[in-house]
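Scroll down for the structure; my scribbles are underneath it.
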Amino acid sequence: MEEPPKFDKLSDEERDNIIIRDFVPFSDALLNFAFRLTYDEAKAEDLVQDTFEKACKAISTFQVGTNAKAWLFTILRNIFINDYRKSKKKQITGTFEDVEKQHHHVDGKSANTIDFGDETFKEMLGDEVLEAVESLQDDFRTIIFLDLEDFKYAEMAKILQIPQGTVRSRLHRARNALKEKLLEYSLKMGYNTKEKKKNKKK
């Protein structure tokens, strides 16, 4: 099997073309994730810009044909952690999620301020579903967000720095929590959950 070409073996023109084709389309998704972490539009934009700069510098480590989106999300996560630790002017230990929770709760960030950025999520989910997602606890909200971005378990595990088994169980619990919150909305929209269960048994 032929090995995918690496960026360091490509011409400048080919690199530019691949950046435009494989990286730029994920700008909105990166901005959504950055805002999900910072709850600050200006900081989110800076975080995305830093991510692209870092990606360009490390471009020789990326293989064409692999998941560029997961690679960029991982870079963004690392920059978020490093920037937060630098801003506190002290060594903060723990996982990505530890830093995220400290940033949100200790620093007074509120989940109620979350906005998924563009209209993509609103068209996909609707306001009621977005409100339900926003009301979830931090780790559930993040895993649901990554699930909506169509990441595989292994990719989510790498981005969140947790085992795949934890991703599976947490996503299962997050979906159940979301389902509970949406039950009232489903009934209001005329979705008969009891009838559906009855039909399943037949």
Side-chain angles (χ1 to χ4, degrees), residues 22 25-39 44 47-48 51 66-81 84 93-106 109-189 191 193-194 196-197 199-201:
D22 292 352
F26 299 123
S27 297
D28 286 343
L30 287 165
L31 187 59
N32 286 330
F33 187 44
F35 190 83
R36 165 71 190 85
L37 298 177
T38 63
Y39 298 143
L47 192 52
V48 172
T51 297
T66 59
N67 192 334
K69 187 177 181 181
W71 190 68
L72 291 168
F73 266 58
T74 303
I75 292 174
L76 190 149
R77 176 214 67 201
N78 289 338
I79 294 174
F80 168 73
I81 293 174
Y84 185 75
T93 58
T95 65
F96 159 65
E97 291 180 313
D98 294 330
V99 174
E100 182 186 10
K101 286 177 182 178
Q102 182 164 348
H103 176 65
H104 291 174
H105 299 294
V106 178
K109 301 295 181 181
S110 171
N112 293 328
T113 64
I114 188 169
D115 177 358
F116 283 98
D118 58 29
E119 295 298 314
T120 304
F121 287 99
K122 289 183 180 179
E123 290 175 4
M124 185 193 307
L125 303 175
D127 292 339
E128 291 84 357
V129 183
L130 278 177
E131 288 175 11
V133 172
E134 291 165 16
S135 67
L136 295 173
Q137 63 191 56
D138 276 349
D139 51 356
F140 283 0
R141 195 163 56 247
T142 300
I143 203 81
I144 288 289
F145 176 87
L146 295 178
D147 187 39
L148 288 171
E149 289 288 352
D150 291 328
F151 284 116
K152 297 176 182 176
Y153 290 128
E155 293 165 347
M156 286 191 272
K158 186 174 182 180
I159 291 169
L160 296 175
Q161 296 180 309
I162 58 176
Q164 283 192 52
T166 303
V167 168
R168 289 175 183 271
S169 62
R170 184 175 299 172
L171 185 56
H172 176 72
R173 288 184 289 124
R175 285 171 174 168
N176 284 340
L178 185 59
K179 190 187 301 180
E180 236 176 82
K181 290 179 181 293
L182 289 172
L183 179 59
E184 185 178 342
Y185 171 64
S186 298
L187 293 173
K188 186 175 73 175
M189 295 299 290
Y191 181 77
T193 54
K194 290 183 179 179
K196 187 170 179 72
K197 287 179 181 178
N199 291 337
K200 275 186 178 179
K201 290 180 181 178

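Here the structure is a predicted model, which is why all the values come from computation and not from measurement.
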How close do [X] and [Y] get, counting heavy atoms only, and between which atoms?
| X | Y | result |
| --- | --- | --- |
| Leu76 | Leu30 | CD1-O, 3.6 Å |
| Leu182 | Ala132 | CD2-CB, 3.7 Å |
| Phe26 | Ala68 | CE1-CB, 4.1 Å |
| Leu47 | Ala34 | CD2-CB, 3.8 Å |

Interatomic spacing from [atom1] in [X] to [atom2] in [Y] - rounded to 0.5 Å:
| X | Y | atom1 | atom2 | answer |
| --- | --- | --- | --- | --- |
| Leu171 | Asn176 | CG | CG | 9.5 Å |
| Thr51 | Ile79 | OG1 | CD1 | 4.0 Å |
| Asp150 | Met156 | CG | CE | 9.5 Å |
| Leu146 | Lys69 | CG | NZ | 9.0 Å |
| Gln164 | Glu155 | CD | CD | 10.0 Å |

Can you find a pair of side-chain heavy atoms, one from [X] and one from [Y], that are under 4.5 Å apart?
| X | Y | value |
| --- | --- | --- |
| Phe140 | Leu178 | no |
| Thr74 | Gln161 | no |
| Arg141 | Arg36 | yes |
| Glu149 | Phe145 | yes |
| Phe33 | Leu37 | yes |
| Ile162 | Arg170 | yes |
| Phe151 | Ile159 | yes |

| request: Look only at the side chain of Thr142 and the backbone of Asp139, and say whether a donor-acceptor pair between them is shorter than 3.5 Å. | output: no

| message | Check whether Lys158 reaches the backbone of Ala70 with its side chain - one donor and one acceptor, N or O, closer than 3.5 Å. | response | no

| task | Report the C-alpha distance between Leu136 and Lys181 in whole Å, list the side-chain angles of each, state the deciding distance to 0.1 Å, and finish with yes or no for side chain to side chain contact (heavy atoms under 4.5 Å, CB included). | result | CA-CA 9 Å; Leu136 295 173; Lys181 290 179 181 293; 3.7 Å; yes

| note | Applying salt bridge (Lys or Arg N to Asp or Glu O under 4.0 Å) to Arg175 and not counting sequence neighbours gives Asp147

| request: List the steps and the verdict of side chain to side chain contact (heavy atoms under 4.5 Å, CB included) for Asn67 and Trp71. | output: CA-CA 6 Å; Asn67 192 334; Trp71 190 68; over 6 Å; no

